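The chain is numbered in sequence order, starting from 1. Nothing here was measured: the structure is a model prediction, and the numbers come from that model. Counting starts at 1 for both ligands and their atoms, in listed order.
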Amino acid sequence: MSQIVKIKIAATGRTIELPTGLFINNEFVPSVDSQETLSAINPATEEEICKVVAASEKDIDLAVKAARAAFKNTWGKNVTGFERSRLLYKLADLIERDQQELAELETLNNGKPVRIARDFDIGDTVQCLRYYAGWADKILGETIEVDNKTKLAFTRADPIGVCGQIVPWNYPIMIWAWKVAPALAVGCTVVMKPSELTPLTALKLSQLVKEAGFPPGVVNTVPSLGHVGGAALAAHMDVDLVAFTGSTVTGKKIMEAAARSNLKKVLLELGGKSPNIIFESADLEQAATWAVLGTLSNSGEDCTAGSRVYVQESVYDKFIDLLIEKVKSTPVGDGFDDAVTNGPVISKTHFDRVWGHIESGKREGAKILVGGERRVGSGYFIDPTVFVDVKQDMKIVNEEIFGPVLAVGRFSTEEEAIELANNTRYGLGAGLHSRDANQAMRVSLALDAGTVWVNQYDILHNNVPFGGKKQSGIGRELGKQGLDEYISVKAIHWNFGEKASWPV
Ligand SMILES: NC(=O)C1=CN([C@@H]2O[C@H](COP(=O)(O)OP(=O)(O)OC[C@H]3O[C@@H](n4cnc5c(N)ncnc54)[C@H](O)[C@@H]3O)[C@@H](O)[C@H]2O)C=CC1
Ligand code: BAL
């Protein structure tokens with residue numbers, strides 16, 4: 001099966017023509033040896049949108065071969081930084097041209113509000129591509145003084161090679177850009193495996209990659225189940241780097257597969273259980289707004305969700321009142337309704353998983369102030385749920401829920417707040433709200449996380465590095481550091497005068 005399907009979006013009247021094959025060597029093709037398909041579901045209605053081809057292990061191998069050939073012949077060191085830059089800018093322009101169409105497809109398959117997909121996810125994507133397009137012709141080595149009279153050493157920033165990239169379903173377009181843009185900017189080639197739950201926009205983006213003029217094989221797209229295509233990429237002997245965003249459990253499997261195969265480089269952006277601390281000096285109204293935004297955005301399906309909120313005893317009751325008022329005003333519904341802020345969660349499996357966490361919170365005796373009741377009707381909708389007076393040993397405080405659920409606890413001193421916040425196996429994000437600048441500096445330095453937000457939450461920028469500590473990951477995305485991950489530094493030692501003698 002490989003064909004073009006026509007997807008009619010009832011809410012807007014738009015019809016989208018989407019190729020459903022694997023994208024290898026700039027062509028949409030069927031699997032070479034399998035009839036397996038993936039069913040793309042609309043999480044707001046639970047209806048199937050269409051089926052797409054599922055890549056087999058053999059298809060993954062063909063995609064890697066295409067990427068290797070492109071790396072050797074048309075991309076890699078064969079193309080100037082100016083040309084890589086030009087093509088990335090062109091791709092950004094095409095995505096911007098199709099921003100509304102891409103957003104509607106994203107909403108159909110992921111459920112998030114279309115205006116948020118368009119203005120935030122895809123707005124960020126366009127900026128990310130332009131940011132790395134700007135870097136592509138500024139990738140420098142350095143000259144290192146070793147001996148002025150006889151020797152010189154210099155470094156060259158080589159592209160690392162063929163990159164397997166495995167992305168999740170929570171930001172299918174945006175995280176695609178975070179991975180593809182730096183890889184292409186330095187001259188790597190890509191085999192991209194989108195999530196089996198949200199393969200549609202990656203296929204649409206593949207069309208734009210071709211239209212932008214990237215040579216065949218530079219970007220290949222292979223929708224597949226994780227344990228088939230994802231595992232095959234992680235274990236492939238001719239993949240030089242695997243970059244992954246998803247759960248910590250799967251990240252560990254990927255690292256193991258990389259170690260057992262060819263010791264490829266591994267970049268992991270994994271889960272979190274991020275704390276958000278509200279001190280008594282904070283602007284409480286703003287702190288409550290950031291706490292809600294930081295946990296409920298994207299229906300809580302966000303690796304940096306600040307889902308553990310710690311509030312100083314003296315302002316606890318006042319803060320809770322403000323928080324609850326804001327949570328209650330969250331409009332949940334179909335993402336094609338412009339009044340909606342939160343869409344459904346991604347799938348039946350995930351819906352059941354989030355409910356499992358809510359039920360465990362109830363069993364463990366946490367008090368629910370809002371939410372916690374199931375809706376009737378179709379769609380994987382979950383109303384925002386707030387647990388208060390939580391204890392540190394509860395499951396809802398320790399495990400990533402990845403849904404619209406907040407756990408609020410209290411503390412009395414700054415030291416206690418830091419202790420509670422850092423008491424986790426994760427280290428992705430952390431937030432603090434305080435009008436005491438000395439306190440904000442002390443606490444931000446003490447928090448054990450890759451990103452700390454002061455008097456805000458969950459705001460990222462394409463030019464600022466992002467990534468985790470502890471079991472939240474390895475390596476960085478975004479910023480110059482995100483580019484460097486795709487570079488293999490070669491040191492060249494040059495002798496123009498020293499004579500060797502033996503024995504020394
Ligand atoms: N850090 C983040 O942004 C994300 C975190 N998660 C967390 O993971 C939990 C489970 O969600 P899942 O969709 O099952 O996440 P997952 O980590 O299993 O899936 C993410 C990606 O990994 C791929 N994958 C799965 N098994 C693989 C394997 N053995 N080898 C290589 N690739 C593999 C999937 O096909 C998908 O593309 C969520 O409840 C959430 O807590 C999920 C998605 C994103
Ligand atoms: N909040 C950063 C995007 C992510 O969830 O991976």
Any N or O of [X] that comes nearer than 3.5 Å to an N or O of ligand 1?
X: Gly246; result: yes
X: Lys193; result: yes
X: Glu196; result: yes

Would you say Met394 has more than 12 foreign heavy atoms packed within less than 6.0 Å of its CE?
yes

Tell me, yes or no, whether the heavy-atom count around Gln207 atom CD, taken from other residues, nucleotides or ligands under 6.0 Å, exceeds 12.
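Correct, the count exceeds 12.
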
Quick one: ligand 2 N/O to protein N/O pairs below 3.5 Å?
| from | atom 1 | to | atom 2 | distance (Å) |
| --- | --- | --- | --- | --- |
| ligand 2 | 1 (N) | Asp302 | OD1 | 2.7 |
| ligand 2 | 1 (N) | Asp302 | OD2 | 3.2 |
| ligand 2 | 1 (N) | Thr304 | OG1 | 2.9 |
| ligand 2 | 5 (O) | Asn170 | ND2 | 3.3 |
| ligand 2 | 5 (O) | Cys303 | N | 2.9 |
| ligand 2 | 6 (O) | Glu269 | OE2 | 3.2 |

Please list, one pair per line, the donor and acceptor atoms closer than 3.5 Å that link side chains of residues 367-374 to other protein atoms, with sequence neighbours excluded.
none

Expected output: side-chain Glu269 to main-chain Glu477 donor-acceptor under 3.5 Å
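Not at all, since once roles are kept as given, no pair shorter than 3.5 Å links the two residues.
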
Which protein heavy atom lies closest to [atom], and at what distance to 0.1 Å?
atom: atom 15 (O) of ligand 1; value: Ser247 OG, 4.0 Å
atom: atom 31 (C) of ligand 1; value: Gly230 C, 3.2 Å
atom: atom 44 (C) of ligand 1; value: Pro168 CB, 3.4 Å
atom: atom 4 (C) of ligand 1; value: Phe402 CZ, 3.3 Å
atom: atom 26 (N) of ligand 1; value: Thr250 CG2, 3.5 Å
atom: atom 23 (C) of ligand 1; value: Ile166 CG2, 3.7 Å
atom: atom 29 (N) of ligand 1; value: Lys253 CD, 3.9 Å
atom: atom 13 (O) of ligand 1; value: Trp169 NE1, 2.6 Å

Heavy atom of Ala231 under 4.0 Å from ligand 1?
yes

Tyr171 heavy atom under 4.0 Å from ligand 1
no

Does this structure show an ion pair linking [X] with [Y], if we count only N-O contacts that are shorter than 4.0 Å?
X: Glu359; Y: Lys362; value: yes
X: Glu27; Y: Lys210; value: yes
X: Glu485; Y: Lys265; value: yes

Quick check on atom 19 (O) of ligand 1 - does any protein heavy atom sit closer than 4.0 Å to it?
no

Pull out every atom of ligand 1 sitting under 4.0 Å from any heavy atom of [X], numbered as shown with elements.
X: Asn170; result: 3 (O), 44 (C)
X: Phe244; result: 17 (O), 20 (C), 21 (C), 22 (O)
X: Ser195; result: 37 (O)
X: Glu400; result: 7 (C), 40 (C), 41 (O)

Closest by any non-hydrogen atom to [atom]: pick that one out of [options].
atom: atom 36 (C) of ligand 1; options: Val167, Val228, Ile254, Leu38; result: Val167
atom: atom 10 (C) of ligand 1; options: Arg353, His350, Lys273; result: Arg353
atom: atom 25 (C) of ligand 1; options: Ala232, Gly226, Gly473, Gly403; result: Gly226

Could you grab the distance from atom CD1 of Ile418 to atom CG of Asn422, nearest 0.5 Å is fine?
7.5 Å

Check whether the side chains of [X] and [Y] place a donor and an acceptor atom closer than 3.5 Å, and report yes or no.
X: Asn110; Y: Thr198; answer: no
X: Ser56; Y: Asp33; answer: yes
X: Glu48; Y: Ser39; answer: yes

Look at the rings of [X] and [Y] and say which category their plane angle falls in: under 30° parallel, 30 to 60° tilted, over 60° perpendicular.
X: Phe466; Y: Trp178; value: perpendicular
X: Phe351; Y: Tyr380; value: tilted
X: Trp453; Y: Tyr457; value: tilted

Contacts under 3.5 angstrom, residues 286-293 side chains, donor-acceptor by atom type, not counting sequence neighbours:
| from | atom 1 | to | atom 2 | distance (Å) |
| --- | --- | --- | --- | --- |
| Gln286 | OE1 | Trp290 | NE1 | 3.3 |
| Thr289 | OG1 | Glu285 | O | 2.9 |
| Thr289 | OG1 | Lys326 | NZ | 3.3 |
| Trp290 | NE1 | Asn455 | O | 3.4 |

Using residues 225-241 as the side-chain source, report each donor-acceptor pair under 3.5 Å to any protein atom, sequence neighbours left out, with the distance given to one decimal.
| from | atom 1 | to | atom 2 | distance (Å) |
| --- | --- | --- | --- | --- |
| His236 | ND1 | Asp238 | N | 2.8 |
| His236 | NE2 | Asp61 | OD1 | 2.7 |
| Asp238 | OD1 | Arg68 | NE | 3.3 |
| Asp238 | OD1 | Arg68 | NH2 | 3.1 |
| Asp238 | OD2 | Arg68 | NE | 3.0 |
| Asp240 | OD2 | Arg68 | NH1 | 3.4 |
| Asp240 | OD2 | Arg68 | NH2 | 2.7 |
| Asp240 | OD2 | Val162 | N | 2.8 |

